[in-house]
Amino acid sequence: MRRPSRPIATVVLSVATLASCQSDSARESVADASAQVAIAAAAISGQDAPLANEVKNASYMGFDTGTYPGDEAMRAWRTGNSPYKWTGYYLPSPCHQDEGWSGKRDTLTAMGYGLAVLYVGQQTWGRKPGAPHMVRVSVPKKVATYVGKGRHRHRVTKTVMKTVLRKAPPPRADATCNADFVGGARGMRDGVDAALRTAREGFPRGTTVFLDIERMDVIHQSMRDYYAAWVRAVLDDGRYVPGIYVHTDNANTVYDDVKAVYTSVGLEGEPPFWVAKSRGFDTTKHPTEMGHTFAAIWQGVLDVKQTWNGHKIPIDVNVASLPSPSSVVGEIAAGFRAGE
C-alpha cells in the first residue's frame, strides 16, 4: 500500500484548509486564494475547476441520520423548500453494522446530494479500555410472600427478575464493537477496513472518510493510539483522505494527534474535522465560527425530527464549508489516480 504522491495530496488538503479556516474579516480574501488553489489543482489533473468559485459561499446545510430513510423520503427532502444540500453516508462499520446506506451513492448523487462519508469505529463507551468493569444484568430470584386472609392465608414463592451488577465477561468471539478493542492494532485494522469499504461503495480517490469518535470524559491513551493508527492506515492505503468526527470537548486533543500523523508522513495541509457543538449553533455561520479554526463541518442540533414534503426523518443538523463535504475537491480525483 502507498500514499498518493505528495504534491497532489498537499493540494487536496490545502484546499480543505483554505475552505475551512475563514473568518468574518478575511473570508473574501481566503475564498479568492482557495479559488486559485482549486484552479491550480484542476490544471494538474487536466480538468476544469467548477468548485473554484463555490468556496466563496459561507456554509451549506446538511443532515445525518443513522438509518437510511428510503429513496422516496430522500428524494422528497431534495425537492421543494428543504434547506439541505448534503447528507451523511454511513459505511457498514464495527459500531454501525446497518447496511441501509450501502449501494446508495449513485442514487443520492443523482438526486443532487453532496455526501459526508462516515465510519463508526471503536468507542470507549465511558470506561477505560481493557479495565475490569461492572455491567447490569437481569437474574431470576425467588421471593416469598403471603396471600389470603385468616385461616386461608398461606405462603407462596414466586420467581421475579432483578437487575444486579456483575463483572462484565470478555467480548464474544463474534463481537465487532467493544471498548476492549480500542488500541493501535485495532485502529490499523479498522483503517484498512474503512478504505476498502469506501472503495467498495464506489467513491473516487480524494474522497474524505470521517472516523466517528463519540464524546469522552477522558481520552485514554489506548483511544489516542486507536485513532492515530486509523488515520495512518487510511493514509498508507493512499486513496482517501482521513477525517474525524468529534465532540468539541475532545476536538483540540484529537486534532493535535491527527495533525501530528499528517505531518509525520509529509502532509502539510489540515485534516478535515467534523465537530459537534450545540452552543451557539447558527445555520448561517461558517463551521470555523464555532471556535475551532480547523472545523470543516459543524454539527449543532442533535436528535430532532423534521418533516419536509410529507416525510419525517430523525436527524442531526449540520453546516459545512463545502456542498459535498467528503469531496474535498472532486475535480482532482484524476490526479489521485495518476499517482498510482
Self-check item: Spacing of Trp308 atom CH2 and Lys312 atom NZ [to the nearest 0.5 Å]
Solution: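 That separation rounds to 14.0 Å.
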Which pairs pass salt bridge (Lys or Arg N to Asp or Glu O under 4.0 Å) with one or both residues in [range], sequence neighbours excluded?
| range | value |
| --- | --- |
| residues 61-71 | Asp71-Lys104 |
| residues 82-94 | none |
| residues 114-130 | Arg127-Asp180 |
| residues 194-203 | Asp193-Arg197 |

Practice problem: Using the test ring pair (Phe, Tyr, Trp, His ring centres under 6.0 Å), find all partners of His220 that sit at least two apart in sequence or belong to another chain. | Solution: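 Not a single residue meets the ring pair (Phe, Tyr, Trp, His ring centres under 6.0 Å) criterion with His220.
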Other hydrophobic cluster members with [X], side-chain heavy atoms of Ile/Leu/Val/Met/Phe/Trp/Tyr under 4.5 Å, chained?
| X | value |
| --- | --- |
| Met161 | none |
| Met188 | none |
| Val156 | Val147 |

Quiz item: Would one find more than 12 heavy atoms of other residues, nucleotides or ligands at under 6.0 Å from atom CD of Gln221?
Solution: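 Enclosed.
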Quiz prompt | More than 12 heavy atoms of other groups within 6.0 Å of Arg189 CZ | solution =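 Open.
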Quiz item: If you look only at pairs with a residue in residues 222-268, which of them pass as a disulfide bond (SG atoms under 2.5 Å apart), with sequence neighbours excluded?
Solution: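 Those involving residues 222-268 do not exist here.
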Practice problem: Not counting sequence neighbours, list each pair that qualifies as a disulfide bond (SG atoms under 2.5 Å apart) and has a residue in residues 176-267. | Solution: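 Listed by first then second residue: Cys95-Cys177.
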Any side-chain donor near an acceptor of the partner, [X] and [Y], under 3.5 Å:
| X | Y | value |
| --- | --- | --- |
| Tyr226 | Asp190 | yes |
| Thr79 | Asn309 | yes |
| Glu99 | Trp101 | no |

Practice problem: With sequence neighbours excluded, give me every side-chain hydrogen bond (donor to acceptor under 3.5 Å, both in side chains) pair touching residues 245-257. | Solution: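 Applying side-chain hydrogen bond (donor to acceptor under 3.5 Å, both in side chains) to every pair that reaches into residues 245-257, excluding sequence neighbours, yields Arg215-Asp249, Arg224-Asp257, Tyr227-Asp257, Tyr245-Gln299, Thr248-His292, Asn252-His292, Tyr255-Glu270.
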Quiz item: With Arg279, which residues qualify under salt bridge (Lys or Arg N to Asp or Glu O under 4.0 Å), at least two apart?
Solution: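 Once residues adjacent in sequence are excluded, Arg279 has no partner under the salt bridge (Lys or Arg N to Asp or Glu O under 4.0 Å) criterion.
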